[in-house]
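Have a look at the structure below, then the notes.
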Amino acid sequence: MFTDFDVAIAGAGPTGLLLAGDLARAGVSCAVFERRPERSGLTRAFAVHARTLEQLDARGVADELVGTGIPVSELRIVGGAALDLSRLPTRFPYLLVTPQYETERVLEERARLLGVDIRYGSMISGFTSHQDVVEVEVREHDRLPRLFRAGWLVGADGMHSTVRKTLGMPFPGKPVVRSVMLADVRLAQPPPDVVTMNAVGDFFCFIAPFGDGWYRVIAWDRHNQPPEGTPVSLDEIRDVTREAIGSDFGMRDSRWTSRFHSEERQVPVYRSGRILLAGDAAHVHSPAGGQGLNTSIQDAANLGWKLAATAQGWAPEGLLDTYDAERHPVGKQVLRQSGAMLRVILTGPRPLVGVRNLLAGAATRIPYAARMLADGASGIGISYRAPRDAHPLTGKRAADLPLAGSRRLYEVLRDGRFVLAGDGQLPPNAIDGYGDRVTPVSPAAATGTLALIRPDAYTAWAMSATAAHGGPEQRTAEIRAALARWCGEPARAAPQAVAGH
Ligand SMILES: Cc1cc2nc3c(=O)[nH]c(=O)nc-3n(C[C@H](O)[C@H](O)[C@H](O)COP(=O)(O)OP(=O)(O)OC[C@H]3O[C@@H](n4cnc5c(N)ncnc54)[C@H](O)[C@@H]3O)c2cc1C
């Protein structure tokens, strides 16, 4: 069936841009349709967490993004309690404070270098899904609609997703907080912490730097909740900041203000036939914990290689459905946690605020609880469900293993292929027929484990490499079974040329 592209993507936000880059890297043709006339200079998210930076590292762009921001290794939560991120087991033991437009710039430049066709001023206004193809209706710069044919359509078009609405997919949930004020301001005296946040009584305030002298302030007053669209005055923001933090830091010169309300919603399923939903199109929640952009980028990292394998025809049965099976529960958990965090932050009565601050202080001082909180906030703790009898590493995040030849696992993952890691124990014919999908590597130091790492840096399969667990034949058989489960059928050897023909 003739198509214009293998995959059409609605939306050039962080989700669509990372996904498009991954598809192009795998050799899948794709176009991104973005209704805005040009890249946005506005920012919503500020927080890029460690697991997202690891995903960007596995694409060779983390160091560039880190250069645009400020690493924060101690995160003040409420009432002076602070979460220590410096012990996270990662190259990025911190939260990176950088405006969302920097993350989008880095992802867009990568996608363009890989050949992605990004079309600004192009709004997807509808689609029709057929058995083999999706016909996508696009309005370019307000001209008459044009039809494009794609094998797959991904709705990465944000909270008000046209793709989701056209599917008729419900988006159940509820508003969680109304009339939150945003402003970009200058401060005469910068706050002592990079990220400042506190809530006292009926007031909440958050301040983060853009890095160019401007600061984003998010402020909320329980007793002042006019409808969205009501103008925000600098005086209102100043008053709330003083109440919540004790100073307005000489706030002046607001260049932009807005008022929004936050909702908690998630679609029941992330795939419907040839249509997939990712990022804010699939889930939205309160900004508490700064998880939206991070969860969205990780949706795209999970989906990209599975969709590429499916579009290229080598995906094993059911691979694409694991996108929903793995990412829907993560989205649900993020909704639950960010909602709980918001309610804790916005605790109203003063006696309860005292209890809240005591509990927050205790949780960040008990090592086990602090580690759980840091793993949860950073995304380092995310793992996917594994079969009951599987090796304990199965489904877990793959750590950035140093490899023989002074490379790192995440550098090898930049090819977008599976990695088979074994302590010099890989049988010689282990990956025959999979050379186009799997890169074999040797860790720099013995790990006692053979592991198949997915392109999104999670362990697909692992086994103990000690002699007690079988000789080379059993090892080969288990590796081949894992490859068939995750990487599909081996490529057939090219037929031998017959002499004289
Ligand atoms: C105040 C605030 C603070 C936040 N802070 C954080 C934070 O610190 N950390 C964090 O992780 N997250 C944060 N978030 C959430 C984060 O901004 C989003 O989760 C993230 O932008 C989602 O990315 P996305 O690509 O899925 O969607 P979006 O960024 O919304 O991108 C969707 C794109 O699709 C385009 N589009 C829409 N409809 C169409 C159509 N029909 N055709 C073509 N294009 C279309 C839009 O123009 C847009 O560019 C915050 C959000 C808010 C509101």
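From a predicted model like this one, the values you see are computed outputs, not experimental measurements. Here, residue 1 is the first one in the sequence, and each next residue gets the next number. Whatever order the structure lists ligands and atoms in, that order sets their numbers, starting from 1.
The aromatic rings of F92 and Y94 stand perpendicular to each other, their planes meeting at an angle above 60°, with 30° marking the opposite boundary. Ring pair Y270/Y323 is tilted by interplanar angle, where 30° to 60° counts as tilted. Between F33 and F148, the ring planes are tilted. Angles from 30° to 60° get that label.
Residue G292 has at least one N or O atom closer than 3.5 Å to an N or O atom of ligand 1. Inclusion of A12 in the set of residues having an N or O under 3.5 Å from an N or O of ligand 1 is not warranted. The shortest N or O to N or O distance between I124 and ligand 1 is below 3.5 Å. Between F260 and ligand 1, a contact under 3.5 Å exists for no N or O pair. Among the atoms of A10, none of the N or O lies under 3.5 angstrom from an N or O of ligand 1.
No part of S262 comes within 4.0 Å of ligand 1, judged by heavy-atom distances. With a heavy-atom cut-off of 4.0 Å, A45 touches ligand 1 through backbone and side chain alike.
Per-residue contacts place N294 under 4.0 angstrom from the following atoms of ligand 1 (heavy atoms of the residue considered): 10 (C), 11 (O). The contact set between ligand 1 and G11, taken as ligand atoms under 4.0 Å from a residue heavy atom, comprises 33 (C), 34 (O), 35 (C), 44 (N). Residue F33 approaches ligand 1 through these ligand atoms, each under 4.0 Å from one of its heavy atoms: 43 (C), 44 (N). For ligand 1, the atoms lying closer than 4.0 Å to a non-hydrogen atom of G158 are 27 (O), 30 (O), 32 (C). Less than 4.0 angstrom separates some heavy atom of T162 from each of these atoms of ligand 1: 41 (N). Residue G279 approaches ligand 1 through these ligand atoms, each under 4.0 Å from one of its heavy atoms: 26 (O).
For the residues R35, R119, R39, the heavy atom positioned nearest atom 44 (N) of ligand 1 is part of R35.
In terms of protein heavy-atom proximity, atom 24 (P) of ligand 1 is nearest to T15 OG1, 3.2 Å. At the shortest separation from atom 31 (O) of ligand 1 among protein heavy atoms lies G13 CA, 3.5 Å. Protein heavy atom closest to atom 45 (C) of ligand 1, with residue, atom name and distance, is D157 CB, 3.8 Å. Atom 16 (C) of ligand 1 has its closest protein heavy atom at L293 N, 3.7 Å. Ranking protein heavy atoms by distance to atom 17 (O) of ligand 1, first place goes to Q100 OE1, 2.9 Å. Counting protein heavy atoms only, atom 53 (C) of ligand 1 is closest to R44 CD, 3.9 Å. For atom 19 (O) of ligand 1, the closest non-hydrogen atom on the protein side is D280 OD1, 2.8 Å. Among protein heavy atoms, the minimum distance from atom 47 (O) of ligand 1 is reached at E34 OE2, 2.6 Å.
Between Y215 and F249, the gap from one ring centroid to the other reaches at least 6.0 Å. Here F210 and F46 bring their ring centres to under 6.0 angstrom of each other.
Contact analysis puts S122 in contact with ligand 1, with a non-hydrogen atom separation below 4.0 angstrom.
The closest side-chain heavy-atom distance from V217 to M251 is below 4.5 Å. Side-chain contact check for E109 versus E64: some heavy-atom pair is nearer than 4.5 Å.
Remark: the N302 side chain and the E326 side chain contain an N/O donor-acceptor pair separated by less than 3.5 Å. Under the 3.5 Å distance criterion, with hydrogens and angles disregarded, a donor-acceptor pair is assigned to the side chains of H261 and E228.
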Discussion item. side-chain contact (heavy atoms from CB on, under 4.5 Å), that's the test. Do T128 and H130 meet it? Break it down for me.
Written reply: CA-CA 6 Å; T128 313; H130 303 282; 3.8 Å; yes

Item to complete: Please lay out, stage by stage, how E264 and V284 fare under the test side-chain contact (heavy atoms from CB on, under 4.5 Å).
Response: CA-CA 5 Å; E264 233 170 51; V284 290; over 6 Å; no

Worksheet entry | side-chain contact (heavy atoms from CB on, under 4.5 Å) assessment of L18 paired with R59 | CA-CA 9 Å; L18 185 119; R59 288 155 182 84; 3.7 Å; yes

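A distance of 8.0 Å separates CZ in R146 from CG in D4, rounded to the nearest 0.5 Å.
Although no hydrogens or angles enter the test, the distance criterion places a donor-acceptor pair under 3.5 Å between the side chain of E34 and the main chain of A12.
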